[in-house]
Structure formats: structure tokens, C-alpha cells
Protein chains: 2
Amino acid sequence: MNDEATHRDFKNRLYEQFARVGKAIASPARIEFLELLAQGERTVDSLAKETGLSLANASQHLIALREAGLVLSRKAGLSVHYRLADPSVFELTRAMRIVAERRLAEIDRLVAEHFVGRADSEAVSFEDLLAKARSGEVVVLDTRPAHEYEAGHIEGAVSAPVDALQARLRTLPKSKEYVAYCRGPYCVYADQAVELLRANGRTAHRLQDGYPEWKAAGLPVETV
Amino acid sequence: MNDEATHRDFKNRLYEQFARVGKAIASPARIEFLELLAQGERTVDSLAKETGLSLANASQHLIALREAGLVLSRKAGLSVHYRLADPSVFELTRAMRIVAERRLAEIDRLVAEHFVGRADSEAVSFEDLLAKARSGEVVVLDTRPAHEYEAGHIEGAVSAPVDALQARLRTLPKSKEYVAYCRGPYCVYADQAVELLRANGRTAHRLQDGYPEWKAAGLPVETV
DNA sequence: TTCATAATCAAGAAATCTATTGAGTACTTG
DNA sequence: CAAGTACTCAATAGATTTCTTGATTATGAA
């Protein structure tokens, strides 16, 4: 087929290409962007503001992600909207997260410290939610910012951004059961919502994972 | 739960941990090591020789992988043996490969150039092989170096390193059908074996993927 | 004990990556 | 058209990564 030297050269070039993808997820800032983009399309400006990075810096990171093939962009008016290029990109971030969770003790320490009092046993699994949803007794609350809800949410979920939840309490009857979700396993919006709801006499639980995981599992979603 | 600043700090620390894993797969050399380690345990020296890196350099990369939690090591006599720390590490490399294949045109170009004449349609899928194996008419050839076969191989496969295949031809009757596999989709040993077998009047096909993929799929494996 | 081997450590040069700053471009609005 | 906004580009300092070289440690063999 090919000689030894040619083959070594091929391998080197191939691994170099794979490494382009690896390098893309080698920076905390870019990993955070990928997590936010897993919720839906976002502009450079909005990503920069949410993460606290300067606009120029955010732009450079996004360009790096685009050059590694992980995201795509489109220009609309003044803004440039970035989005994940392929579902496989979310799978990659998930694979990275799983390795980190299994192998880095530091993660356990951080999570235990930050989510004091969060009992994993209280979280509702996707199967549980699907079963409850059929019974009609459960209200699913999307606690992410409104624009993320609009970009896509769990079928039948109601937008209830955690900032605005207090004001919406009147519209949430005590007779119902609530399940709150947000961006993913480390997102706190759902936890905060559950806390607030319980403090106000509602029955509420957190969904085990977030919207991107739900969507990746092929479960029903809705876009406005 | 926690205030805004504390939460930002938690996120930063968390993404930093994820990035440790990302950084580990951001180097072509380390990616190659992970692919080799997916075949089974190997010593620093053997990895250095196979990849052409200096011993010190190989050692440093392996230490970096260990510190990121991706591999484990054990000392036996003079040698230190490294191995993948967890099946999730192979899944991570696979996720990276899939993103690269889907998103980087350069990969298609490289593969098309290097594997001239390789028809993907000729490859045998895992299901095909399982069906054929039951009929008993197929011989499965492991074309990797002997020590990789010994570290673990597809159940029922015969070790037939491609270097030694010519000499073994006499023991391979023309009446049988052969399926050759090796390290993975970009490994050429199986292609070379198929070529040699066909040139000598045998019916031979390449298996679609390699041993690590077979094992990850939960299909039957054997260790000596 | 002496020697050889396998691996790691330590130090340094070169390359690469990251964040910042300031300028420049494209587009929208008044 | 002028002003403002969103983004990118270009240049740069500082940090990090990579590879090399030579020394050091640990183990096994003679």
C-alpha cells in the first residue's frame, strides 16, 4: 500500500488533525462557550457578557473553535451568531466531562463544596419525568434565561427563568408537582428554583440532567 | 445556595478541571499514545520506540496523561507499564475522532490519499462477523503485533501479525474465508493482510473497526 | 560490587497560546 | 451622512507547552 516513511507521515498528519479538536477543548473559556452554545445559538457579545470575557477575547476564542470545526457562525445585522456545528460536538464535551468526573478527585471536592445539601437521590430521571408527564400531574419548568427557552426546550415545558420565578409564584398552583431543569448537571438555576418553590409550599424536584442531554437522548423538544 | 461571585469562582475552577482533560488530548503525541494504550498495557520504552519519540519525551507525555487522570502506571522490574485508566478514556478519544472526521475536510483528504483503493463497502461490520462466526466458515485474524494479541483479542481470533503472515500462509487453507482486523479504522495492518491473502488466492475481508471498538461494544474478548 | 537498562528529573531554548490594547471594518440608526 | 454598535484584526507581553540534553534514581544482571 505505502512504505514505512509515508505511513509515519500519514499518521503524524492524522494525529495533528485530531489534536486540532483536542486543542479546541483545552481552554476553560472555550469549554464554557461550548456549554452555553449547547443551549442554542448565541451572539459573540452575549457570550462575552455572560462569561465576563472581553469582547475581543471572546471573539478570538470563538474563531478558534470555528477553525477547529466545532462551531459555525452566521452574520445577522450587526451580530454574529455562533452555534455548535454538529451533535457530535456536544458528545465530545460530554465525554470530556465524564472522564473528568471519573478521574479527577478535584471535581468531587468542588461539587461537594458548592452544592452543599444537594441530594442526588432527589433528582428526577428522564424516565421518571416521561412517566409523570403522561399522568398530567407534573409541570415542567425551564429555569434558564428566556432566550435559551426560546431557542429550544423540553416539550411541554414552561419558561420560568429563576430570576423571575418569585413574581410568577401566584400562577403556579400548590396542587401541582413541579420539575425544574436548566443547562446541565452543574447548572444551579434548577436548584435555586426548587429551593424557592419548596419555601413557598410547592412540591418540587430537580431534573437529573439539562436540556442538551435531553435533546441528545432523542427525547421530544420544542422550538418557538 | 451561594452568591454570584462564589458561583463564578466555582464555574471557573470546574472548567479548569475539564480543561485538564482537554489539554491531555491536545497533543498529537499523546493522542497516539492513547490509541496504542487502547490495545493494551505498554511500557514507556516500547511506546517511545514505536512512535519514534525520545525516551525522556515519551516519559514526560505519559506523566502528563497520568496527571490528567487518563492513564495509570505500574512498575514491574525495570519497566513502567502504562494503561488506560478507564473505558471512558477510549470513549473520549473516539468522540474526538468522530468530531474530527465529521468536521475537518483535511481528514477526508488524508485518508483518501493514503488508503487509495480501500473500499469501505468491502469492510465487514461487527454484526456480519458475529453472524459468519456462528456458521463456522470464517477465520478471524488478529494482524497486530503479538504482544497486543496477548493483551486481549476478539474471541476466537488467531494471532497473525502482518509481518509474519507470509510465512504462515501454508497454515491457512484456501477453503476458508478470512476476516482481518487490527487497531482501529486507520490501522493498515488489516488492509495489508487482506491484500496479501487475496494475492495468494484466499477470500479475505477487513473488519470495519478494530479491537478497542469491539471491546467497547461489549462483544466477546479473550485474554491469554 | 560493578555495569547496564528503564525511567524520571531538571534546566533551558523555541514555539505556541492567552489576554490585552487599540485600531479598523461592517452594518444599522437617526 | 454622522454616530454608534458588534465584531474582527494586529501587535504584543506574559504564560505555558514542547522537545532536547544531560544528570540522577531504581532495578536487575554479571
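Labels below follow one simple rule: chain letters A, B, ... track the order of the sequence lines, proteins then strands, and each chain is numbered from 1. As the structure is a prediction and not an experimental result, all values here were calculated from the model.
Using cut-offs of 30° and 60° for the angle between ring planes, the Tyr149(B) and His153(B) rings count as parallel.
Rounded to an integer number of Å, the gap from Lys23(A) NZ to dT16(C) P is 9 Å. What separates CG of Asp45(B) from P of dT5(C) is a distance of 11 Å, to the nearest Å. Remark: C1' of dC9(C) and CG of Leu55(B) are 12 Å apart, rounded to the nearest angstrom. As a whole-Å value, the separation of Asn12(B) CG from dA19(C) P is 11 Å.
Running 5' to 3' along DNA chain D, contacts with non-hydrogen atoms of chain B at under 4.0 Å begin and end at dT17(D) to dG28(D).
Here Trp214(B) and Phe126(B) bring their ring centres to under 6.0 angstrom of each other.
Counting all heavy atoms, side chain and backbone alike, Val21(B) lies closest to Leu104(A) at CG2-CD1, 4.0 Å.
Electrostatic pairing of Glu91(B) and Arg94(B) counts as a salt bridge here, judged by a charged N lying under 4.0 Å from a carboxylate O. Between Arg97(B) and Glu213(B), at least one side-chain nitrogen of the basic residue sits less than 4.0 Å from a carboxylate oxygen of the acidic one, meeting the salt-bridge criterion. Residues Arg20(A) and Glu106(B) are not paired through a salt bridge, judged by the lack of any N-O separation under 4.0 Å between the basic side chain and the carboxylate.
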Let me see the working for Glu35(A) and Tyr15(B) under side chain to side chain donor-acceptor pair (under 3.5 Å), right down to the final yes or no. CA-CA 10 Å; Glu35(A) 179 175 317; Tyr15(B) 289 127; 2.9 Å; yes
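Residue Ala56(A) is in base contact, counting any heavy-atom pair closer than 4.0 Å across all strands shown. At the heavy-atom level, Asn57(B) lies under 4.0 Å from base atoms of the strands shown.
Of all the residues in residues 60-83 of chain B, Gln60(B), His61(B), Lys75(B), Gly77(B), Leu78(B) reach under 4.0 Å from DNA chain D with at least one non-hydrogen atom.
Remark: the backbone N or O of Ala76(B) is not paired with any side-chain donor or acceptor of Ser79(B) at under 3.5 angstrom.
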